[in-house]
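These notes are about the structure you will find just below.
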Protein chains: 2
Amino acid sequence: MKQSRPAPTLQDVAVYAGVSTATVSRCMNTPAKVTAKTRTRVEDAIETLGYAPNFGARAMAAQRTMTIGAVIPTMENAVFAKGLQAFQDELRQYGFTMLVACSSYRPKLEAEQIRALVGRGADGILLIGHERDPAIYRFLDAQKVPTLVTWAFDDTAPRPSVGFDNRKAMAKLAQHVTKLDHRHLAMITAPVATNDRAAARLAAVGDVMDAEGLVRADLFVVETPYSIDNGAAALDLILQQRPETTVVICGNDVLAVGALRQARGMGLSVPDDLSITGFDDIDLAVVTHPLLTTVHVPHRQMGRAAAQMLADMVLTGAPATKVELATTVKLRDTLGYPRQSQAAR
Amino acid sequence: MKQSRPAPTLQDVAVYAGVSTATVSRCMNTPAKVTAKTRTRVEDAIETLGYAPNFGARAMAAQRTMTIGAVIPTMENAVFAKGLQAFQDELRQYGFTMLVACSSYRPKLEAEQIRALVGRGADGILLIGHERDPAIYRFLDAQKVPTLVTWAFDDTAPRPSVGFDNRKAMAKLAQHVTKLDHRHLAMITAPVATNDRAAARLAAVGDVMDAEGLVRADLFVVETPYSIDNGAAALDLILQQRPETTVVICGNDVLAVGALRQARGMGLSVPDDLSITGFDDIDLAVVTHPLLTTVHVPHRQMGRAAAQMLADMVLTGAPATKVELATTVKLRDTLGYPRQSQAAR
DNA sequence: AAGATAAATGTAATGGCTTACATTTAAGAT
DNA sequence: ATCTTAAATGTAAGCCATTACATTTATCTT
């Protein structure tokens with residue numbers, strides 16, 4: 001068991017190299033302050049002893065960890081994976097290391113993980129979406145850990161954030177839909193209770209319906225967790241309950257792809273018999289047939305921008321700001337005119 | 001800056017609650033040993049002060065972190081994301097926390113990250129693939145950190161591992177290919193230099209060619225990094241250089257999907273004009289048209305099994321073992337007879 | 001009600017590293 | 001050669017939670 005582990009310490013290295021612990025420490029942190037000769041001697045000692053600095057001790061002594069924590073809902077969602085990869089790559093430029101935790105969309109778990117990350121000495125925290133128990137924000141404030149919210153942009157929220165306005169973005173797409181004269185809309189969305197991005201996208205569709213003289217309450221909504229199969233099942237349900245539906249707006253590409261598969265499996269032609277739209281513009285969207293109409297989100301850019309901002313906040317105590325990134329509607333091949341009004345073409 | 005951070009300590013909590021630090025510590029670690037009354041008092045203090053235990057100090061004092069480190073090539077690859085998610089979920093059952101780092105297929109970076117993870121007190125390490133600088137294994141041994149290799153299985157390797165035999169798995173698929181009478185094969189693979197899984201898959205195709213009386217050296221190979229676009233470009237190159245090619249075996253699904261897109265974009269019918277196969281069986285594979293013939297890898301199962309094994313190794317010092325998981329060839333719609341011999345159908 | 005025993009709590013040493021400050025060594029000036 | 005001054009190195013205090021051991025308090029016997 002671990003107890004028996006006699007890992008070499010700074011002390012051991014110092015003795016082996018015949019210098020003081022301070023010198024060894026300097027070799028690792030401020031090499032310029034050490035003679036080349038002693039440095040090589042120390043480096044050799046480190047190598048032969050197989051020494052690795054004890055991070056806990058270092059964090060405690062230095063009061064700084066050069067670590068940023070990120071809590072995302074899940075790694076399985078390609079959008080987070082992509083954004084996070086960019087975030088990490090950029091962070092490395094600043095000398096930071098990233099720690100990830102996944103909350104599986106469970107608020108309790110998220111709170112726990114935030115605490116764990118802070119306890120681990122994270123110098124800054126990256127969070128997805130604004131909405132969470134105020135106690136968490138209070139905690140973060142008490143700990144004075146700079147926190148950045150991403151994947152969402154909300155002018156009214158008090159926190160710094162780098163993201164896009166989910167409501168605006170989805171509204172843009174929904175406008176395209178209504179402009180094509182669709183009157184019977186349905187939506188497949190991720191569960192909105194613990195996901196403010198999903199909720200915003202759903203609300204956006206309602207907004208547009210209102211504006212276009214449709215009845216918001218007429219929108220048929222199916223909530224289901226993120227997966228291709230669930231998207232397919234949801235479409236099935238929609239067609240059963242509301243066969244008059246002409247367009248299915250999906251809260252994300254994965255659900256849309258599932259819906260698309262199901263529609264085609266049922267012998268429907270997309271978009272001639274039924275239109276389907278997605279959101280995120282992940283790789284999936286450009287390999288389906290027909291190509292998915294969706295909303296492009298600049299995941300990479302978002303990750304990179306978030307890294308720069310958070311690094312700044314931590315390093316220079318930079319003031320909190322809000323950055324809004326633009327999304328673009330990608331009109332591809334799954335959105336067309338509703339079948340009733342095809343003559344209007 | 002961080003320096004000014006007066007985060008509450010155990011001491012602060014103890015004072016606030018009017019007890020000793022030991023009692024506070026016990027409240028958190030062995031609540032049964034504390035009176036309900038004092039416990040609530042302490043918990044209140046923790047809540048109001050916004051206290052979070054300092055992980056570094058805890059690790060140092062307890063000599064154990066309940067943390068497992070994982071180093072994967074990249075999060076952007078869905079297979080790792082999926083496996084890792086399962087790994088993490090299972091790990092939580094045992095009370096462990098997972099730390100992830102991404103090496104971007106750069107051996108130097110991987111070594112660095114392994115060191116960092118060990119320094120962070122990881123009680124165990126999960127690695128992808130066997131092949132790496134022996135110095136790393138020596139280091140891990142010196143530190144006595146249980147290490148598990150996954151995503152690969154190799155009887156001859158001395159380390160414990162949970163995975164599948166990439167060579168065998170690809171050979172099974174290649175046999176299906178040759179059985180269909182393809183004689184002009186090409187392969188699109190990830191760069192093999194720092195990726196033993198990719199190398200094994202490539203080697204497997206050669207093995208089968210040899211066994212079938214083909215000339216291994218005739219296999220036209222294109223190495224390119226993981227991305228849909230790269231897969232597309234590679235197909236283009238193949239068709240330019242070896243127009244007689246009848247089947248393109250891809251090292252993974254992402255490359256295959258790119259190749260598929262390109263083939264169809266060039267007006268080729270798949271599989272009538274050209275066969276294409278993938279590897280991994282990720283979501284992408286079942287949304288393309290036609291459906292991708294590929295090798296199914298039990299990512300989730302692998303993640304779960306790895307978690308159990310590694311947790312055991314850490315907790316009970318369980319002896320190192322090797323577990324081989326089975327893969328299955330998914331014959332879907334992108335593999336058919338070569339065009340020359342269509343008459344043979 | 002006294003004594004024995006168990007439960008609850010407290011005391012203080014410990015772990016590995018960084019860094020302010022003290023000291024030694026080397027380089028440069030005359 | 002001698003004295004300044006700067007560079008290199010050393011000394012030792014502190015960061016914070018855990019836990020063995022000591023002490024106090026509560027519970028149970030008889």
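Quick note on labels: first sequence line is chain A, next is B, and so on, each numbered from 1. Since this is a predicted model, take the numbers as computed values, not measurements.
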*Which comes earlier along DNA chain C counting from the 5' end, the contact point of A59(A) or that of T21(B), where each point is its nearest nucleotide?*
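Result of the comparison: T21(B).
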*Assign each of A57(B) and G18(B) to its nearest nucleotide of DNA chain C by heavy atoms, then name whichever residue's nucleotide is nearer the 5' end.*
G18(B)
*Quick one: OH on Y94(A) to CG on L315(A), what's the gap to the nearest 0.5 Å?*
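Going from the OH atom of Y94(A) to the CG atom of L315(A) covers 8.5 Å.
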Would you mind telling me which of [options] lies closest to the side-chain atoms of [X]?
X: M60(B); options: dG10(C), dG16(C), dA17(D); answer: dG16(C)
X: T9(B); options: dT9(D), dC16(D), dT11(C); answer: dC16(D)
X: A61(A); options: dT9(C), dC15(D), dA8(D); answer: dC15(D)
X: T35(A); options: dA17(D), dA8(D), dG16(C); answer: dA8(D)

*asked:* Taking 4.0 Å as the cut-off, does a side-chain nitrogen or oxygen of N29(B) come that near to OP1 or OP2 on dA17(D)?
replied: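 For dA17(D), neither OP1 nor OP2 has a side-chain N or O of N29(B) closer than 4.0 Å.
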*For S25(A) and dC17(C), is the shortest distance between a side-chain N/O and OP1 or OP2 below 4.0 Å?*
no
Euclidean distance, atom [atom1] of residue [X] to atom [atom2] of [N] [Å, nearest integer]:
X: Q11(A); N: dA12(D); atom1: CD; atom2: C1'; value: 12 Å
X: M66(B); N: dT18(D); atom1: CE; atom2: C1'; value: 16 Å
X: L10(A); N: dT14(C); atom1: CG; atom2: C1'; value: 17 Å
X: R39(B); N: dA7(C); atom1: CZ; atom2: P; value: 15 Å
X: K37(B); N: dA8(C); atom1: NZ; atom2: P; value: 12 Å
X: K33(A); N: dT9(D); atom1: NZ; atom2: P; value: 12 Å
X: R41(B); N: dA8(C); atom1: CZ; atom2: C1'; value: 12 Å
X: D12(A); N: dG15(C); atom1: CG; atom2: P; value: 12 Å

How would you label the contact of [X] with the nucleic acid (heavy atoms, under 4.0 Å): base, sugar-phosphate, or nothing?
X: T38(B); result: sugar-phosphate
X: F55(A); result: nothing
X: T23(B); result: sugar-phosphate
X: V24(B); result: nothing

*Please state whether the base of dG15(C) and the side chain of R58(B) form at least one donor-acceptor pair under 3.5 Å?*
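A donor-acceptor contact between them is absent.
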*Establish, from distance only, whether the side-chain atoms of R120(A) and T97(B) form a donor-acceptor pair under 3.5 Å.*
no
*Going by atom types alone, do T74(A) and Q85(B) pair a side-chain donor with an acceptor below 3.5 Å?*
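Judged by distance alone, the side chains do pair up.
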_Presence of salt bridge, E76(B) and R300(A), under 4.0 angstrom_ =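 Answer for the salt bridge query: yes.
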*Between D141(B) and R159(B), is there a side-chain N and carboxylate O pair less than 4.0 Å apart?*
yes
_Residue mapping more 5' on DNA chain D - nearest nucleotide basis, R26(B) or N54(B)_ = N54(B)
*Under 30°, 30 to 60°, or over 60°: which ring-plane class applies to W151(A) and F80(A), parallel, tilted or perpendicular?*
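The rings of W151(A) and F80(A) sit tilted, inter-plane angle from 30° to 60°.
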